[in-house]
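Comments concern the structure below.
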Amino acid sequence: MLKQPANILQKPISMVKNELRKTSGINELSKINPLKDIPLNIPATPQQAAIKAAKLAIKYAKKAIDLGR
């Protein structure tokens with residue numbers, strides 16, 4: 001036991017850290033992805049931009065219809 005004092009204290013310290021993460025809400029903040037709404041690819045041509053806009057319009061129209069039910 002005396003040869004590894006750091007291992008003895010490691011478990012209680014990790015338990016305290018986990019409890020602090022649970023109570024402070026850090027876990028919930030880490031689940032939020034702020035980059036999910038930022039488009040990562042930019043259309044190269046006007047045709048690609050129109051197709052992308054049409055797909056988005058269809059996607060949001062389907063969501064609106066589902067919310068209306």
Side-chain angles (χ1 to χ4, degrees):
M1 275 174 87
L2 295 175
K3 293 180 182 178
Q4 298 173 344
N7 290 341
I8 295 171
L9 294 175
Q10 190 171 6
K11 186 172 182 175
I13 290 173
S14 66
M15 291 172 61
V16 170
K17 283 182 181 179
N18 288 338
E19 190 64 31
L20 283 173
R21 286 184 185 134
K22 287 179 187 176
T23 59
S24 67
I26 290 176
N27 288 338
E28 285 76 22
L29 288 175
S30 66
K31 292 177 186 175
I32 297 172
N33 185 3
L35 299 177
K36 71 177 184 176
D37 294 327
I38 298 174
L40 298 178
N41 56 353
I42 300 170
T45 65
Q47 181 183 12
Q48 288 177 344
I51 291 171
K52 188 171 184 175
K55 286 181 181 180
L56 280 174
I58 292 169
K59 176 182 167 183
Y60 289 122
K62 286 181 181 178
K63 281 186 180 180
I65 290 170
D66 289 339
L67 288 175
R69 291 183 185 178

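Computed over heavy atoms, backbone and side chain alike; hydrogens, waters and symmetry mates excluded.
Here the closest heavy-atom approach between residue P43 and residue A49 is recorded as CB-N, 3.6 Å.
A search for side-chain contact (heavy atoms from CB on, under 4.5 Å) contacts involving K63 returns K59, Y60, not counting sequence neighbours. Not counting sequence neighbours, L67 has no partner by the side-chain contact (heavy atoms from CB on, under 4.5 Å) test. Legend: residues meeting side-chain contact (heavy atoms from CB on, under 4.5 Å) with T45, ordered by chain and number and at least two apart, are Q47, Q48.
Between atom CG of residue L56 and atom NZ of residue K52 there is a gap of 7.0 Å, rounded to the nearest 0.5 Å.
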